[in-house]
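Report on one structure; see the data block that follows.
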Amino acid sequence: MTSDRGNQPLHCLVTGATGYIGGRLVPELLAAGHRVRCLARTPEKLRDYPWAGEVEIVRGDVTDADSLEPALRGIDVAYYLVHALTSGEGFEETDRRAATVFGEQARAAHVGRIVYLGGLTPSDVPEHELSPHLRSRAEVGRILLDSGVPTAALRAAVIIGSGSASFEMLRYLTERLPVMVTPSWVSTRIQPVAVRDVLRCLVGSARLPGEVSRTFDIGGPDIVTYRDMMQRYAEIAALPHRLILPVPMLTPRLSSHWIGLVTPVPRAIARPLAESLRYEVVCREHDIARYVPEGPGQPFGLDKALELALQRVREARVTTRWSSASIPGVPSDPLPTDPDWAGGSLYTDVRGREVEASAEALWRVVEGIGGDHGWYSFPLAWAVRGWLDRLVGGVGLRRGRRDTDRLRVGDSLDFWRVEEIEPGRLLRLRAEMRLPGLAWLEMHVEPDGRGRARYRQRALFHPRGLLGHAYWWSVWPFHSVVFGGMARNIARTAEGAASPERASAPVSP
């Protein structure tokens, strides 16, 4: 099987479809006329994507050879878009093992081509001296190239697109800090690339000639410093000129804390990003243009890429975000559904309200919770909890929402993630803040048959060890304020929306 079959549709496997790039690549492949199969450890996370009904979704893991065998069967082009974006112990070995297993299974399945998106590395730094993140990305590319399957290993530096971790970091640093003391890496040269050009190259790589198996550097036409990027973002966003003062003593570790405090990007992701920015990463070739056509104005310049990304943010048309993928180290256990669950203690806090509004009006409030709308109770308590979470390396509250009004399974929502949503009826959130246990928050909406609605709210906590039990009882006295106030104010907000004369009434915590 080869990947250069003229204009015939190809059968493509996309790994990492729940991630930032994978979630955008799938519709591009469909638009190009290809058939798409998605591999996901949790297929339910793809259920609410607008293209879910047009693809085949299979359960599997890139480290599990048994699950890869059926996933790769009949595939022409396999996209490898998974990696451990963290500096946690053992992630390099995990990436190494995953790439090895994937390459072996792709070869056994006679896959025509592997397409991999990795990181651009500096030309003058030996691989063993690179940051762990860049070193691992380079090693994964080499493993796939050595797999015996023709491979296109695309290498990109900073990717500029609405919702990308790099763009969010740039945006928040520039918008929130008119004067900033920065690490010395703000003066390092980099070659950013628009996410649209990344997707164009990924799609185009599916039809590379079978004999082509190599790396390709991909980047935009501009070579700039991070300082330049911040000033150009400020200009495009109509912000005053920023005063940037680089200091040499800010290490990547300190930089990641600084980024984590100012931006929504948590320390676990900020550190590898900051470490990568220490190196000059400039394309050494642009050979991809020989194989993948470039339209007018392509590749996009930095200003255009920033303008497009900012426009999508302002129009709330961000289709995927860096937080689409699960954050390393956060809990992922499903909610225990057995009322007499045998897994140990399960603490609950249940609240209910009769609401003088329709079920539709109440659901709009429930689905709009979080982000700019807040959590409808004791804002200071939520803010403090978010700051405490970030201080211990958690995600905090500032991830916000992908969409201001609509949610889908897998969306991040401040320090929660949407685990289940039944439109008009149920929203279940799983906590991703640092906790000595597992926690969920459920919100139910039911019509009462008389034009009104019932609201039911349930918080659940499964403690881990003695510390988990101590945590629950230490916060229990605040539940009536936090959870009771939430139920009361969600109901009042729905009633206010249904009765304009009450909409201006103050809401007390």
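The shown structure was predicted, so the numbers you read here are calculated from the model rather than taken from an experiment.
- For Ser162 (side chain) and Arg312 (main-chain N/O), no donor-acceptor pair under 3.5 Å exists by modelled atom type.
- Using a 4.5 Å heavy-atom cutoff, the side chains of His83 and Phe91 are not in contact.
- A 4.5 Å side-chain heavy-atom check between Ile160 and Leu306 finds at least one atom pair inside the cut-off.
- Salt bridge status for Arg135 with Glu127: absent, with no side-chain N to carboxylate O gap under 4.0 Å.
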Salt bridge (Lys or Arg N to Asp or Glu O under 4.0 Å) between Arg364 and Asp405, worked out: CA-CA 8 Å; Arg364 283 194 294 271; Asp405 300 309; over 6 Å; no
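- Of the inter-residue distances, the one linking Glu92 atom CD with Arg137 atom CZ reads 12.5 Å to the nearest 0.5 angstrom.
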Stepwise side chain to side chain contact (heavy atoms under 4.5 Å, CB included) test for Val198 and Leu202: CA-CA 6 Å; Val198 173; Leu202 285 170; 4.0 Å; yes
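- Summarising the geometry of Cys283 relative to Gly219, their closest heavy-atom pair is SG-N, 3.6 Å, with the distance given to 0.1 Å.
- The shortest side-chain heavy-atom distance between Tyr49 and Cys38 does not fall under the 4.5 Å cut-off.
- For the pair Ser147 and Ile114, the tightest heavy-atom approach, listed with the atom from each and the gap, is OG-CD1, 4.0 Å.
- Residues Leu407 and Ile421 come closest through the heavy atom pair O-CD1, 3.8 Å.
- The closest donor-acceptor contact from the side chain of Asp414 to the backbone of Trp416 lies at 3.5 Å or more, if one exists at all.
- Summarising the local packing, CZ of Arg35 is surrounded by 12 or fewer heavy atoms from other residues, nucleotides or ligands at distances under 6.0 Å.
- Remark: the backbone N or O of Val158 is not paired with any side-chain donor or acceptor of Ser166 at under 3.5 angstrom.
- In this structure, the side chains of Cys201 and Ile288 come closer than 4.5 Å at one or more pairs of heavy atoms.
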From CA spacing to verdict: salt bridge (Lys or Arg N to Asp or Glu O under 4.0 Å), Arg417, Asp411: CA-CA 6 Å; Arg417 189 172 296 275; Asp411 271 359; over 6 Å; no
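- Atoms CG and OG1, from Leu145 and Thr151 in turn, are 5.0 Å apart once rounded to the nearest 0.5 Å.
- Ion pair Arg96/Glu139 flagged as a salt bridge, since at least one NZ, NE, NH1 or NH2 atom sits closer than 4.0 Å to an Asp/Glu carboxylate oxygen.
- Salt-bridge check for Arg200 with Asp197: passed, with a basic side-chain N closer than 4.0 Å to an acidic carboxylate O.
- Taken from CZ in Arg171 to CE in Met229, the straight-line distance is 14.0 Å, to the nearest 0.5 Å.
- Considering all non-hydrogen atoms of both residues, Leu72 and Ala78 come closest at CD2-CB, 4.1 Å.
- Counting heavy atoms from C-beta outward, Tyr233 and Phe167 have side chains that approach closer than 4.5 Å.
- Salt-bridge check for Glu69 with Arg73: passed, with a basic side-chain N closer than 4.0 Å to an acidic carboxylate O.
- Classification of the Trp375-Trp382 ring pair by plane angle, with boundaries at 30° and 60°, yields parallel.
- Checking each of Arg430, Arg408, Arg47, Lys45 against Glu419 for a salt bridge (charged side-chain N to carboxylate O under 4.0 Å, His left out) leaves exactly one that passes, namely Arg430.
- Residue Tyr279 comes nearest to Leu130 through the heavy atom pair OH-C, 3.3 Å, listed as atom of the first residue, atom of the second, then distance.
- Under the 4.0 Å criterion applied to side-chain N and carboxylate O atoms, Glu235 and Arg242 are not assigned as salt-bridge partners.
- Two residues are said to be in side-chain contact when any heavy atoms from C-beta on lie closer than 4.5 Å; Phe415 and Arg434 fail this criterion.
- Using the six-membered ring where Trp is involved, Tyr291 and Phe216 have ring planes that are perpendicular, over 60° apart on the 30 and 60° scheme.
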Test log, rule side chain to side chain contact (heavy atoms under 4.5 Å, CB included), inputs Met443 and Leu429: CA-CA 9 Å; Met443 288 163 272; Leu429 307 176; 3.9 Å; yes
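- For Arg107, the CZ atom sits in a loose shell: 12 or fewer heavy atoms of surrounding residues, nucleotides or ligands are nearer than 6.0 Å.
- The NE2 atom of His286 lies 9.0 Å from the CD atom of Gln191; values are rounded to the nearest 0.5 Å.
- For Arg406, the CZ atom sits in a loose shell: 12 or fewer heavy atoms of surrounding residues, nucleotides or ligands are nearer than 6.0 Å.
- A salt bridge does not link Glu422 to Arg428: none of the charged nitrogens lies less than 4.0 Å from a carboxylate oxygen.
- The two residues Val224 and Pro192 come nearest to each other via the heavy atoms CG2-CD, 4.0 Å.
- Rounded to the nearest 0.5 angstrom, Ser187 OG and Glu280 CD are separated by 12.0 Å.
- Here the side chains of Val366 and Val445 are in contact, with some heavy-atom distance below 4.5 Å.
- In this structure a side-chain-to-backbone donor-acceptor pair under 3.5 Å is missing from Gln298 to Phe300.
- Asp303 and Arg232 are joined by a salt bridge, as a carboxylate oxygen and a charged side-chain nitrogen come within less than 4.0 angstrom of each other.
- A donor-acceptor pair under 3.5 Å is absent between the side-chain atoms of Asp76 and the main chain of Cys12, judged by distance alone.
- Between the CZ atom of Arg189 and the CG atom of Asp228 there is a distance of 11.0 Å, given to the nearest 0.5 Å.
- No side-chain donor-acceptor contact under 3.5 Å links Arg24 to the backbone of Arg196.
- Looking at Leu154 and Ser205, their side chains come closer than 4.5 Å, going by heavy atoms from C-beta outward.
- Between the side chains of Thr188 and Arg278, no donor-acceptor pair is found at a separation under 3.5 Å.
- Side-chain atoms of Glu285 come within 3.5 Å of backbone atoms of Asp217 as a donor-acceptor pair (strictly under, hydrogens ignored).
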Evaluation steps, side chain to side chain contact (heavy atoms under 4.5 Å, CB included), between Ile190 and Leu120: CA-CA 10 Å; Ile190 50 179; Leu120 190 59; over 6 Å; no
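- The backbone N or O of Pro9 lies less than 3.5 Å from no partner atom in the side chain of His34, so there is not a single donor-acceptor pair.
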Working for side chain to side chain donor-acceptor pair (under 3.5 Å), residues Ser136 and Asp95: CA-CA 7 Å; Ser136 180; Asp95 274 350; 3.0 Å; yes
Stepwise side chain to side chain contact (heavy atoms under 4.5 Å, CB included) test for Leu208 and Val115: CA-CA 10 Å; Leu208 288 174; Val115 180; over 6 Å; no
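- Salt bridge present: Arg59 and Glu44 bring a charged side-chain N and a carboxylate O closer than 4.0 Å.
- Panel note: side chain Thr320, backbone Gly23; no donor-acceptor pair is recorded below 3.5 Å.
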Derivation of the salt bridge (Lys or Arg N to Asp or Glu O under 4.0 Å) call for Arg401 and Glu367: CA-CA 11 Å; Arg401 300 171 52 110; Glu367 192 175 10; 5.9 Å; no
